[in-house]
Enquirer: 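Input: one structure, supplied below.
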Amino acid sequence: MNYLFNEIEAKWQKYWAENQTFKADSNSDKPKYYVLDMFPYPSGAGLHVGHPLGYIASDIYARYKRHKGFNVLHPQGYDSFGLPAEQYAIQTGQHPAITTETNIKTYRRQLDQIGFSFDWSREVRTSDPNYYKWTQWIFIQLFESWYNNDTNKAEEISSLINIFSSEGNTNVDAVCDDDVEMFSAAEWQAFSSEKQQEILLQYRLTYLAETEVNWCPALGTVLANDEIVNGVSERGGHPVVRKKMTQWSMRISAYAERLLQGLDTIDWTDSLKESQKNWIGKSVGASVTFHVNNHEELIEVFTTRPDTIFGVSFMTLAPEHELVSKITTAEQKEAVEAYIKATAKRSERERMADVKTISGVFTGAYAEHPFSKEPIPIWIGDYVLAGYGTGAVMAVPCGDQRDYDFAKYFQIPIPNIFEGVDISEEAYAAKENVKITNSDFLNGMNYKKASKRAIYELEQLGQGEGKTNYRLRDAVFSRQRYWGEPFPVYYVNGMPQMIEAKHLPITLPEVEKYLPTEEGEPPLGRADVWAWCTETNSVVANNKINDTTIFPLELNTMPGWAGSSWYFFRYMDANNELNFASEEALNYWENVDLYIGGSEHATGHLLYSRFWVKFMKDRGFVGVEEPFKKLINQGMILGTSAFIYREEGTNNYLSEGLIEGKKVAPIHVKVQYVNASDELDIEGLKNDSEFGEDYKDATFVLEDGVYKVGREVEKMSKSKYNVVNPDAICEQYGADSLRMYEMFLGPLEQAKPWNTAGITGVHGFLKKLWKLYVGEDGLKVNDAAPTKDNLKTLHKTIKKVEEDIESFSFNTSVSTFMIAVNELASQKCTSKEVLEPLLVLISPYAPHIAEELYSQLGNTTSIATAAFPKFDASHLVESSKNYPISFNGKMRFTLELPMDMSKEEIEKTVMSHEKTIAQLQGREPKKVIIVPGKIVNIVG
RNA sequence: GCUGAAGUGGUGGAAUUGGUAGACACGUUGGACUUAAAAUCCAAUGUCCAUUAGGACGUACGGGUUCAAGUCCCGUCUUCAGUACCA
């Protein structure tokens, strides 16, 4: 009987589905384990072999944990709102819901054929009203909350209103807008309802604010930075302008400190934590205000080194700084304007990366030092960016290298305020181990003390204060799109009102076109039935709007990250209609134990989710502070592109070995026409209908009778013809081969190239595995007692595989299996006592073949919950060791010696050995190093 | 520039954390089986020298520590990813 993988795989996939083998139980005595993949967006192109990499890894882990006796939650679903479906809808008029449905079907089929152990009864789709009802609900909760700095958590807005009406807002320490006005209790009560709402909006965790966006009038939409190339839209090349728009924002900045602190409590990679840290960008220092001589204006700067305030010898403003035009003197005007013009042409990235060229211009104006009252020249320089901090720097050349270089270049004095430090060559940027000097009242102090004192003195002058700055900015939450969650919001006199939770969901209205309106309103502006009736509590036709009982609804929709910021809770209780998840389910499953996904979400999804979870914890909706306990980033699988080489000006294609010295143009060809030896299937290429007549008359110049293609590793993409579809792999080699090969390619976290040719290795292994159990005449396995060697092979495999899975080193497990099967085959092992546990070891990796053989061994239940074999070290005890014998560290030969031999005996045996004598050639060794059980090294 | 990760055969990658570098595969070469192909099996395969025995070199490069370094330390270079000169 042969290994008929197609039949076997179909059989067990059907079995798992029919028996709901992987359905997770929310009531269990077993310990829980929650394994989650990052939410996939169901794109129209379907899966390529790079996509399942993380899913295979998490599936192996989930299956392993089941073998280890855990109750495993391993769900899957779709982040099904998104731009591609909308773009397709704009082009074809097809409703995005239909496209999405079709794409999901393809995804599901592809996922099923790989044999994942997902609990599909808990499937979640963000575009399903039963799901986004709860996304809308969370939005309402954010609106109804404020952040109390005193209790350091989010609280219901009613508690804030209570404070306002009893004592005003002067004692409230909240995270809010910068420009809130102060009022007393009496004033609050006297405010109109509208005025009160306006004030509350300045405190709510989601609020309306004017935000600057990249507006593209031709497309009628807002563009992301990377959708803009050279100042015009990437799509169509239309002009883009900066425009202020009223949009919903999320007060994520309230959580900056907790998001930072929380990183210490979770098991994520250092690089990922590092990016989040940098994104949050905490810096402790002071803000300092400088007067400008002969001007009303003040310059505010933020500094992390208030202790160096007496080292300031100039100031630098960003060329874009709004004060530049006001303070520049007549003599300097021309030079300054020219400089600003030149700067405008450089991108921010250019300005950042280029530290070698120093440039800047003096404005002619002077600021006044807060303490010494000395005049400080004000310069502009493009090393200061307008978008960061205040766009102005108090330059301390002796303590900052950039300031130092700038000062040297323009011959600005560099006062030294560090005691006993030589600054003739470079700045002294370290904070520690130095005392301040030449600094009036700061003399003799260290960094810490001087900073404190400087801040105190600045406060006395009213020219500064201690300040902690975060780079993290509030997140814009409105999108001018159709295919997203509608806001549960209507407007009364321009003030936003929440629809009561019991009337949710507010479902997307129908529109005849998915484009913005002619007036530049979002697509929902095209809906005819998009108004809220406060009497019937329902969505009604727009023409009924009377602004007394029927009001206009919000036209924006929510961004992609809305639905994906909390979906991991929904899986815990996906079909609950009364709540986003029951308390019992939330308490049992807590949070995700293992999360696997790409590193591109480092500062988006992974930060927003943490923010929402912290908020939900504050409000008592969930019991956990962090969503993902352990997180692993899988590396990208790259494509191995194939090239043919057209000789310039001809229709001749030269084989790779013939191109040297010739002028050739490399052209991508489809990788499916190339075999494992890099040989091109010329007929296949010529007959490919996609290229029509392109290659029909071409001449292929061969070497040794074949056409060899060139190869190069690139990102997998359709345009490079290097995409490999898992469907074809599953058909030709089977899902188990695909799963094993993806793991075999290399470490999970590392980027690595795909090469279909290599799959024959693991496929051959699975055939060998099969043959170990099944012979020509059926099952070979019997009740024979295992030999010592059999047990040794089995137990060293158990040990290694267990260690590998625990450390996510799946690639090395695969070679361990290969070694085990090679050994057992040569031992002619037929013992069930050895071969049955081996199946359990392999089952997380190759579940179909494991199930089939397991059932052939007479088992009637699925292998999925079979207990993981127990490692017994006694089978690995060796009586002898093959010692490497080294001379001066170089291994010359090996010698088999008993393990229990003493150091002295080893030395005696080795030194008297003929090969040792030959090596030494009469020399007397200076030293003999013996590490029992490891090595012998003879020196001399 | 900065931050992070990484440089090992023709290729993907191993190496129990300082102890036999190149496991396991792919590819290549030779052989067996076959009318032939596929499949399967066997053998060889880091480079160089040598008929063999064996030897020299070898983990990006240059130093260092050590009986012993792919692994630790210092310096340099290269590649990939991310990116924010928050002063």
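Sequence lines set the chain letters: A, B, ... in the order given, protein chains first and strands last, and positions in each chain run from 1.
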Enquirer: So which nucleotide from B/C86, B/G12, B/C26 ends up closest to the side chain of A/T760?
Expert: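 Comparing B/C86, B/G12, B/C26 against the side chain of A/T760, the answer is B/C26.
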
Enquirer: With A/K282, which residues qualify under salt bridge (charged side-chain N to carboxylate O under 4.0 Å, His left out), at least two apart?
Expert: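 A/K282: salt bridge (charged side-chain N to carboxylate O under 4.0 Å, His left out) contacts with A/E257.
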
Enquirer: What interatomic distance, in whole Å, is found between P of B/U16 and the corresponding atom of B/C72?
Expert: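 Rounded to whole Å, the distance is 11 Å.
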
Enquirer: Closest to the A/K934 side chain: B/G19, B/A56, B/U20?
Expert: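 Nearest to the side-chain atoms of A/K934, counting from C-beta on, is B/G19.
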
Enquirer: Please report, rounded to the nearest Å, how far the C1' atom of B/A14 is from the CG atom of A/L748.
Expert: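 After rounding, the reported distance stands at 17 Å.
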
Enquirer: Taking atom P in both B/U29 and B/U35, compute the distance separating them and give it to the nearest angstrom.
Expert: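 The answer is 24 Å between these two P atoms.
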
Enquirer: Among residues 803-825 of chain A, which residues get a heavy atom nearer than 4.0 Å to RNA chain B?
Expert: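 Hits under 4.0 Å, by residue number: A/N811, A/T812, A/S815, A/M818, A/I819, A/N822.
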
Enquirer: Taking B/U47 as the reference, what is the distance to B/G10 when you measure between their C1' atoms (whole Å, please)?
Expert: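 B/G10 and B/U47 have their C1' atoms separated by 12 Å.
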
Enquirer: Counting side-chain heavy atoms from C-beta on, which of B/C24, B/G13, B/A39 comes nearest to A/K767?
Expert: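 Looking only at heavy atoms from C-beta outward on A/K767, the closest nucleotide is B/A39.
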
Enquirer: Sequence neighbours left out, what passes ring-ring contact (aromatic ring centres under 6.0 Å, His included) with A/Y707? Give chain and number order.
Expert: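 Residues passing ring-ring contact (aromatic ring centres under 6.0 Å, His included) with A/Y707: A/F700.
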
Enquirer: Please state whether the rings of A/F290 and A/H369 are parallel, tilted or perpendicular, taking 30° and 60° as the class boundaries.
Expert: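 Perpendicular, since the angle between the ring planes exceeds 60°.
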
Enquirer: Give me the distance, rounded to whole Å, that separates B/U45 from B/C26 when you measure between the C1' atoms they each carry.
Expert: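 Rounded to whole Å, the distance is 13 Å.
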
Enquirer: Rounding to an integer number of Å, can you tell me how far A/L272 CG sits from B/A5 C1'?
Expert: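 From A/L272 CG to B/A5 C1': 13 Å.
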
Enquirer: A/R305 has an atom CZ; how far is it from atom P of B/C86, in whole Å?
Expert: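 My rounded result for the distance is 15 Å.
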
Enquirer: Choose from B/C86, B/U20, B/G12 the nucleotide whose nearest atom is closest to any side-chain atom of A/N469.
Expert: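 So the side chain of A/N469 is nearest to B/C86.
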
Enquirer: What does B/A69 pair with, Watson-Crick or G-U, if both distances are under 3.5 Å?
Expert: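 Answer to the pairing question: none, since B/A69 forms no Watson-Crick or G-U pair.
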
Enquirer: Base, sugar-phosphate or nothing for A/K799? Non-hydrogen atoms, less than 4.0 Å.
Expert: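 Since no nucleic acid heavy atom lies under 4.0 Å of A/K799, the category is nothing.
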
Enquirer: Give me the distance, rounded to whole Å, that separates B/U20 from B/A69 when you measure between the C1' atoms they each carry.
Expert: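 Result for the C1' pair: 14 Å, nearest Å.
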
Enquirer: Paired with B/A36: which nucleotide, if any, by Watson-Crick or G-U wobble criteria at under 3.5 Å for both distances?
Expert: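 With both distances under 3.5 Å required, B/A36 matches none.
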
Enquirer: Taking atom C1' in both B/A81 and B/U28, what distance in whole Å separates the two?
Expert: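 Rounded to whole Å, the distance is 34 Å.
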
Enquirer: A/K767: what forms a salt bridge (charged side-chain N to carboxylate O under 4.0 Å, His left out) with it, not counting sequence neighbours?
Expert: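 Applying salt bridge (charged side-chain N to carboxylate O under 4.0 Å, His left out) to A/K767 gives none.
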
Enquirer: With sequence neighbours excluded, what pairs up with A/F643 under the ring-ring contact (aromatic ring centres under 6.0 Å, His included) test?
Expert: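 Testing A/F643 for ring-ring contact (aromatic ring centres under 6.0 Å, His included), a comparison that skips the adjacent residues, returns A/H668.
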
Enquirer: Hey, what's the ring geometry for A/Y845 with A/F810, parallel, tilted or perpendicular (30° and 60° as the breaks)?
Expert: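 Answer is perpendicular, since the angle exceeds 60°.
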
Enquirer: How far does the C1' atom of B/U59 sit from the matching atom of B/U78, given to the nearest Å?
Expert: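 The answer is 16 Å between these two C1' atoms.
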
Enquirer: Given that A/E274 and A/K282 both sit by RNA chain B, which one's nearest nucleotide is further toward the 5' end?
Expert: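 First, find each residue's nearest nucleotide; the 5'-ward one identifies A/E274.
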
Enquirer: With sequence neighbours excluded, tell me which residues meet salt bridge (charged side-chain N to carboxylate O under 4.0 Å, His left out) with A/E749.
Expert: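 A/E749 satisfies salt bridge (charged side-chain N to carboxylate O under 4.0 Å, His left out) with no other residue.
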
Enquirer: Tell which nucleotide pairs with B/G30, taking only Watson-Crick or G-U wobble pairs whose two distances are both under 3.5 angstrom.
Expert: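 Across any shown strand, B/G30 pairs with B/C42.
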
Enquirer: Can you classify the ring geometry of A/Y3 versus A/H763 as parallel (below 30°), tilted (30 to 60°) or perpendicular (above 60°)?
Expert: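 A/Y3 vs A/H763 ring planes: tilted.
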
Enquirer: Using the test salt bridge (charged side-chain N to carboxylate O under 4.0 Å, His left out), find all partners of A/K792 that sit at least two apart in sequence or belong to another chain.
Expert: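 With neighbours one apart ignored, the set is A/E878.
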
Enquirer: Do the ring centers of A/Y741 and A/Y733 come within less than 6.0 Å of each other?
Expert: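 Centroid distance A/Y741-A/Y733: not below 6.0 Å, so no.
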
Enquirer: Grab the CZ-P distance between A/F744 and B/A25 for me, whole Å please.
Expert: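 About 7 Å, once rounded to whole Å.
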
Enquirer: Please classify the glycosidic conformation of B/G54 as syn (within 90° of 0) or anti (everything else).
Expert: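 Anti, angle beyond 90° from zero.
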
Enquirer: Can A/K799 and A/E803 be counted as an ion pair, charged N to O under 4.0 angstrom?
Expert: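 Result for this pair is yes, salt bridge flagged.
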
Enquirer: What is the distance from CZ of A/F5 to P of B/A39, rounded to the nearest Å?
Expert: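 Checked: the CZ to P distance equals 13 Å.
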
Enquirer: Taking any strand in view, what nucleotide pairs with B/C2 in a Watson-Crick or G-U wobble way, both distances under 3.5 Å?
Expert: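 Base partner found: B/G82.
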
Enquirer: Under 4.0 Å, heavy atoms only, any strand: does A/T894 hit a base, just the sugar-phosphate, or nothing?
Expert: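 The answer is base, as A/T894 lies within the cut-off (heavy atoms under 4.0 Å) of a base atom.
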
Enquirer: Relative to the 5' end of RNA chain B, which residue comes earlier, A/V762 or A/K771, by the nucleotide with the nearest heavy atom?
Expert: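 Closest to the 5' end, via its nearest nucleotide, is A/V762.
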
Enquirer: Please tabulate the protein-to-nucleotide N/O contacts below 3.5 Å involving nucleotides 62-69 of chain B, giving atom names and distances.
Expert:
residue	atom	partner	partner atom	Å
B/C67	O2'	A/N937	ND2	3.0
B/C67	O2	A/N937	ND2	2.8

Enquirer: Considering Watson-Crick and G-U wobble pairs with both distances under 3.5 Å, what does B/U16 pair with?
Expert: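 Here B/U16 is not engaged in any pair, so there is no nucleotide opposite it.
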
Enquirer: Nearest-Å distance, CH2 (A/W754) to C1' (B/C26)?
Expert: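 Interatomic distance, CH2 of A/W754 to C1' of B/C26: 13 Å.
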
Enquirer: Are any of A/K890's side-chain N or O atoms less than 4.0 Å away from OP1 or OP2 of B/C57?
Expert: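 Yes, because at least one side-chain N or O of A/K890 sits under 4.0 Å from OP1 or OP2 of B/C57.
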
Enquirer: Return the value, rounded to whole Å, for the distance between atom CE of A/M636 and atom C1' of B/C80.
Expert: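 The distance from CE of A/M636 to C1' of B/C80 comes to 10 Å, rounded to the nearest Å.
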
Enquirer: How would you label the contact of A/Y883 with the nucleic acid (heavy atoms, under 4.0 Å): base, sugar-phosphate, or nothing?
Expert: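 The residue A/Y883 makes no contact with any strand.
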
Enquirer: What do you reckon, is CE of A/M636 surrounded by more than 12 foreign heavy atoms closer than 6.0 Å?
Expert: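 Atom CE in A/M636 is not packed in, count stays at 12 or less.
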
Enquirer: Does OP1 or OP2 of B/A56 have a side-chain N or O of A/R892 closer than 4.0 Å?
Expert: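 A/R892 to B/A56 OP1/OP2: side-chain N or O found under 4.0 Å.
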
Enquirer: Mind checking who B/G22 pairs with, Watson-Crick or G-U wobble, both distances under 3.5 Å?
Expert: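 Base partner found: none.
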
Enquirer: Any side-chain N or O of A/Q750 below 4.0 angstrom from OP1/OP2 of B/A6?
Expert: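 False: A/Q750 side-chain N/O out of range (4.0 Å or more) of B/A6 OP1/OP2.
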
Enquirer: Under the side-chain hydrogen bond (donor to acceptor under 3.5 Å, both in side chains) rule, collect the residues that match up with A/Y673, sequence neighbours excluded.
Expert: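 If we apply the side-chain hydrogen bond (donor to acceptor under 3.5 Å, both in side chains) test to A/Y673, skipping adjacent residues, the hits are A/D688.
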
Enquirer: Between B/U20, B/C86, B/G12, which nucleotide has the shortest distance from any of its atoms to the side chain of A/K752?
Expert: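 So the side chain of A/K752 is nearest to B/G12.
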
Enquirer: If pairing requires Watson-Crick or G-U wobble contacts with both distances under 3.5 Å, which nucleotide is the partner of B/U51?
Expert: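 By the stated definition (distances under 3.5 Å), nothing pairs with B/U51.
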
Enquirer: Let me know the distance between CG of A/D400 and C1' of B/C86, rounded to the nearest Å.
Expert: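 Taking CG of A/D400 and C1' of B/C86, I get 12 Å after rounding.
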
Enquirer: Measuring from the side chain of A/P884 (C-beta onward, heavy atoms only), which nucleotide among B/C41, B/C86, B/U20 has the closest atom?
Expert: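 Closest nucleotide to the A/P884 side chain: B/U20.
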
Enquirer: Does B/A60 have a Watson-Crick or wobble partner in any strand here, with both distances under 3.5 angstrom, and which is it?
Expert: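 Result: B/U76.
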
Enquirer: Counting only side-chain N and O atoms of A/R471, is one of them less than 4.0 Å from OP1 or OP2 of B/U83?
Expert: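 Result: no.
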
Enquirer: Using the C1' atom as the reference point in each nucleotide, state the distance between B/G70 and B/G58 in Å, no decimals.
Expert: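 Going atom to atom, C1' in each nucleotide, I get 11 Å.
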
